[in-house]
Enquirer: 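Questions regarding the structure given below will be posed in turn.
Note that this is a predicted model, so its numbers are computed, not measured. Residue numbers count from 1 along this sequence.
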Amino acid sequence: MRWTRHPSDSCHGPGEFVLYWMHNALRANENPALDVAICFARQNGLPLLVYRGLSEDYPYASDRYHAFMLQGHRDVQCELQRRGIDSPFHLQRNGNRGPHLRDLVRRSAVLVTEEMPVHPLTGWIDRLHAKTKTPIVTVDCSCIVPAPTMDRCFTRAYEYRDATKSEYEKRVGAPYHDEPVDCEIYDGPLPFQPLCLQDACLASLIADCKIDHSIGPVADTPGGSRHGYKRWDDFKTNRLKHYAAHRNDATKHDGVSRLSAYLHFGMVSPFRIAREAHAVNAEKFLDELLIWREMSFHFCFHHSDTIDTMEALPEWAQQTLAEHCEDERPVCYSWETLARGTTGYAFWDACQRSLLKHGELHNNTRMTWGKSFLSWANTPARALQLTMDVNHRYALDGRDPSSYGGVLWCYGQFDRPFEPELEVFGKVRPRCLEDHARRLDLDRYHNIVDRPIAANLPRVAIIGAGMAGLAAARTLRDHGINVTVFDKSRGVGGRIATRRVDQEDPGEAITLDHGAQYFTARDPRFCRHVNSWIHDQIVAPWLGKIVQINSSGEIVSQPRRTPRYVGVPGMNAVAKHLASDLTVQSGTVQLETQISRLERVDDGWILIDTSHVQHGPFETVICNCPPEQSALLLADHTDLMDQIAQVKMRPCWAILVASQSLDGVPFDGAFVDDSPISWIAQNSNKPGRPGPPAWVIHASAQWSEDNLDLANDEVLEELLPHFENLIGKKIVDPIYLTAHRWRFAIPAEPLSKECLWDHVNGLGACGDWCGGPRVEGAFLSGMAMAGTLLRHVTIDRAPATCVGPCTQPSLFN
């Protein structure tokens, strides 16, 4: 137990209750923090309030983590209730946000919580310390030898083993006695409406959270104490005796306990696991559980501010890596290439697919997987950052101190220098991908990694190869779901469109982005992909001069310099990139195929195109079309029609013109006031677009709506004089000149939901008219649509039932 602020240091008043904030010990038994809170409540004659909450703001927040933790909270809610403890739960989500924990801490006599020496918990405790005067005590619920009891940490296993031997001998086999709940339980007012998880649809709750929906829950590792102990009991009974022989063989899927995620969130008691392993003399298992795991906890406890930086490494490792920082790397991969497991190294990619699809990676393969980053990033610091990111983002045990320890080991921590010194690695121990792959039965390993993520995976049809449809398709495909994309056009991208006009000199070809002109990136969920696209030269920043002009062409202001990005060599490069794996790997993008209607059959849905060809059956159909077109396809099939009908799309006429006479304009793009034209841009000044001066002109939404049915020549006749007036130049000898009508260009008012889903009929809809009218909004809508389907196939939608009696407490009425 550790006081971060002792009562003697506080001017805090008596308080209304003793507050226990449960976050990383999601269990009702063998929980030292709960026992400390009960003792404080009893000793001070105050009621006990056990608060549980799940934030959207923790690092790498995703459907995967949320599902696992919500399942854990559902179990512990029931277990606490059996002990007579009501425990209000708050889920941060749309319409349910606020500083509720801070407000409760201010009202409490003392805050008791678990010691978890990693981000974000350390930061959250520091902020509570700064913003309240309440005494705070943290209790180590994860280690047999609590980290606060040691005045130093150890970085070599044999040293830690020797230093803790006597403590483990006393503690490992000792029984654990829970404190009797002999205090009052708080049942007064709360700053939020508590949520009962027993009858809640977890998939729907997660949909309302602003988190990463592109990482699906893990069906065969559901959260909660029941599943955690079931896994342990099965392992203990059937495989623990073979652990020493099988633990390094990644092709023996259950040769290890696979308990790390349950231990990280405290859904199983490490005291019970250690006690029962000790009872059968499982020495090697105990060495991993106690020595290696708890050594990492102690290290993180003493280095919590630096564990995700190079400073966490021993001096010799920092020095040798710095000396080899300039060594030539064979390749530097982007984050997206690494995260999706598309490096081309079969064994490494299989390791990454294990993380991406199943949220776990066998420890022996993780060591080789982790060391590969050093050769694939331009600096050791970047390599470490990438390793931390990919590990913590996808692994269910990510962000755990022992997970940090495993990553840091790849860079020299808990290890010694190795000779001879090597390129890139220096004296850090190497692990060669090719050597490891030769020692492994790769076919068998691939079978394990590529097992289905759930028992019954649907065949999915996506109608529309715009940004949202492609984002959804690729996310589902990465999780192993069969997807076919249909689009009526000759290319992918929808309104992320580029028209190429060939010239005699190929270097002078004209490219014109006649749809989306650029995009911005504000949401972190989108930004990480944009950064990868920049790395892979699919996207480049557009640093051109963007101004605001009046109808006479006078510059009236220069808008705030917002980072803008464009695809290279055209905006549709982004769409082509998203579609590349789908097309090349499986031929699942069918272009020039316009779906005209859906028909319900026993096996799902048949899609019928305008040539009367039938496609399917598909269990799930997703429409990535403008709402008017989605309404025609989904009519009479779903209740989603009421929401789709709320959205009106506004049109946009575009003019594309190229001429040598249009050079020398003192800006690259302009928003136009009080004119039939709303936007003009010198497309040829965007990155990666050689050729003669080429401009794209967009009419205003109102003018486009008023003149929707004009012929192309009439549009040119009406708008070109306005354009010439704006730039002060006449169009002479145009090389290319045409108009294009976008009938459904931009939503007048998009829906607040990122996507729509009818789970009964297996029908969904997504696009920039859901969530936000930009490229970013479309991308996030597609990810949300994929996440919705992933939750549908991986989370049991029926309410969980408790084991044993579980009555509905008045607190939740």
Side-chain angles (χ1 to χ4, degrees), residues 464-467 470 487-503 508-519 539-540 542 544 546 564-576 591 626 649-659 662 665 668-672 675-701 703-705 707-708 710-720 722-724 726-727 731 734-746 767-768 773-775 778:
M467 188 66 152
L470 293 174
D487 198 282
K488 65 182 179 181
S489 303
R490 290 179 297 171
V492 297
R495 280 165 282 148
I496 308 175
T498 301
R499 185 169 298 183
R500 178 185 171 91
V501 183
D502 292 326
Q503 302 292 296
E508 293 294 308
I510 304 168
T511 57
L512 293 143
D513 302 321
H514 55 301
Q517 296 294 286
Y518 60 84
F519 63 88
V539 159
W542 183 23
I546 310 298
R564 297 176 174 89
Y565 305 94
V566 295
V568 178
M571 283 294 291
N572 63 357
V574 177
K576 289 180 177 179
L591 299 175
M649 297 293 286
R650 306 198 72 183
C652 179
W653 272 105
I655 292 177
L656 293 71
V657 57
S659 170
L662 299 179
V665 178
D668 299 289
F671 300 97
V672 188
S675 170
I677 292 173
S678 64
W679 164 264
I680 59 174
Q682 188 163 338
N683 204 86
S684 49
N685 281 4
K686 292 178 181 177
R689 290 157 173 81
W695 286 79
V696 172
I697 304 149
H698 279 176
S700 70
W703 191 93
S704 299
E705 198 166 303
N707 298 276
L708 186 63
L710 288 185
N712 284 12
D713 289 345
E714 293 175 307
V715 172
L716 295 174
E717 184 178 350
E718 288 280 342
L719 292 182
L720 285 180
H722 291 281
F723 169 65
E724 291 173 330
L726 291 173
I727 64 172
I731 300 171
I735 303 168
Y736 185 74
L737 178 62
T738 192
H740 179 89
R741 181 182 65 184
W742 295 102
R743 182 178 286 275
F744 307 111
I746 187 167
D768 62 357
R774 295 186 297 271
V775 170

Enquirer: If every non-hydrogen atom of Ile546 is compared with every non-hydrogen atom of Phe671, which pair is closest and at what distance?
Expert: CG2-CE1, 3.7 Å
Enquirer: Would a 4.5 Å heavy-atom cut-off, applied to side chains only, mark Val657 and Tyr736 as touching?
Expert: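 Not in contact.
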Enquirer: Side chains of Pro773 and Ile746: closer than 4.5 Å at any heavy-atom pair?
Expert: yes
Enquirer: Would you check if Asp768 and Arg774 make a side-chain contact, meaning some heavy-atom pair closer than 4.5 Å?
Expert: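 Asp768 does not reach Arg774 side chain to side chain.
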Enquirer: Using atom types as modelled and distance alone, determine if a side-chain donor or acceptor of Thr511 lies under 3.5 Å from a backbone N or O of Gly570.
Expert: no
Enquirer: Just wondering, do Asn683 and Met571 contact through their side chains at under 4.5 Å, heavy atoms?
Expert: no
Enquirer: Can the ring centroids of Trp542 and Tyr565 be said to lie less than 6.0 angstrom from one another?
Expert: no
Enquirer: Do Trp703 side-chain atoms and Cys652 backbone N/O form a donor-acceptor pair below 3.5 Å?
Expert: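 Not a single qualifying donor-acceptor pair exists.
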Enquirer: When you measure from the side chain of Ser675 to the backbone of Ile677, do you find a donor-acceptor pair of N or O atoms at a distance under 3.5 Å?
Expert: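 Present.
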Enquirer: For Gly688 and Val568, which heavy atoms make the closest approach, and how far apart are they?
Expert: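 In this case the closest contact between Gly688 and Val568 is CA-CG1, 4.1 Å.
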Enquirer: Partners of Asp487 by salt bridge (charged side-chain N to carboxylate O under 4.0 Å, His left out), sequence neighbours excluded?
Expert: none
Enquirer: Using 0.5 Å steps for rounding, measure from the CD atom of Glu705 to the CH2 atom of Trp653.
Expert: 14.0 Å
Enquirer: Would you indicate whether the side-chain heavy atoms of Val566 and Val539 approach each other to under 4.5 Å?
Expert: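 A side-chain contact under 4.5 Å is absent here.
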Enquirer: Is Val775 close to Tyr518 at the side-chain level, that is, under 4.5 Å between some pair of heavy atoms?
Expert: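 No, every pair of side-chain atoms sits at 4.5 Å or beyond.
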Enquirer: If only atom types and distance count, is the side chain of Asn712 paired as donor or acceptor with the main-chain N or O of Ala739 below 3.5 Å?
Expert: yes
Enquirer: Is a side-chain donor or acceptor of Gln517 paired with a backbone partner of Ala681 at a separation under 3.5 angstrom?
Expert: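 No, Gln517 side chain to Ala681 backbone: no donor-acceptor pair under 3.5 Å.
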Enquirer: State which residues pass side chain to side chain donor-acceptor pair (under 3.5 Å) with Asp668; sequence neighbours excluded, sorted by chain then number.
Expert: Asn685
Enquirer: I need the Leu719 CG to Ser700 OG distance, nearest 0.5 Å.
Expert: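 OG of Ser700 is found 8.5 Å from CG of Leu719.
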Enquirer: Between Asp513 and Arg499, is a salt bridge (charged side-chain N to carboxylate O under 4.0 Å, His left out) present by the stated rule, with each step listed?
Expert: CA-CA 6 Å; Asp513 302 321; Arg499 185 169 298 183; over 6 Å; no
Enquirer: Please check if the side chain of Arg741 supplies one atom and the backbone of Leu708 the other of a donor-acceptor pair under 3.5 Å.
Expert: yes
Enquirer: Are Thr738 and Ile655 side-chain neighbours, meaning at least one heavy-atom pair lies under 4.5 Å?
Expert: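 Thr738 does not reach Ile655 side chain to side chain.
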Enquirer: Output the distance between atom CG (Leu726) and atom CD1 (Ile697), rounded to the nearest 0.5 Å.
Expert: 8.5 Å
Enquirer: Is it true that a side-chain atom of Ser684 and a backbone atom of Ala694 form a donor plus acceptor pair closer than 3.5 Å?
Expert: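 Yes; at least one donor-acceptor contact below 3.5 Å.
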Enquirer: Would you say the side chain of Arg500 lies within less than 4.5 Å of the side chain of Ile510, judging by non-hydrogen atoms?
Expert: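 Ile510 does not reach Arg500 side chain to side chain.
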Enquirer: Between Ile731 and Ser659, what is the shortest heavy-atom contact and its length?
Expert: CG2-CB, 4.4 Å
Enquirer: Has the side chain of Arg495 got a donor or acceptor atom that lies under 3.5 Å from a matching backbone atom of Ala745?
Expert: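 At least one qualifying donor-acceptor pair exists.
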Enquirer: Within the distance-only criterion (no hydrogens, no angle test), does the side chain of Lys686 pair as donor or acceptor with the backbone N or O of Leu512 below 3.5 angstrom?
Expert: no
Enquirer: Closest approach of Arg689 and Gly567, non-hydrogen atoms and distance?
Expert: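 The answer is NH2-O, 2.7 Å.
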Enquirer: Should the heavy atoms of other residues, nucleotides or ligands under 6.0 Å from CD of Glu717 be counted, would the total exceed 12?
Expert: no
Enquirer: Short question: side chain of Trp695, backbone of Leu662 - any donor-acceptor pair under 3.5 Å?
Expert: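 Indeed, once roles are kept as given, a pair shorter than 3.5 Å links the two residues.
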Enquirer: Of all heavy-atom pairs between Gly515 and His698, which one has the smallest distance, and what is that distance?
Expert: O-CE1, 3.1 Å
Enquirer: Under the side chain to side chain contact (heavy atoms under 4.5 Å, CB included) rule, what do Leu591 and Arg490 come out as? Steps first, then yes or no, please.
Expert: CA-CA 6 Å; Leu591 299 175; Arg490 290 179 297 171; 5.9 Å; no
Enquirer: Decide if the gap between the ring center of His514 and the ring center of Trp742 is smaller than 6.0 angstrom.
Expert: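 Close enough - the centres of the two rings lie under 6.0 Å apart.
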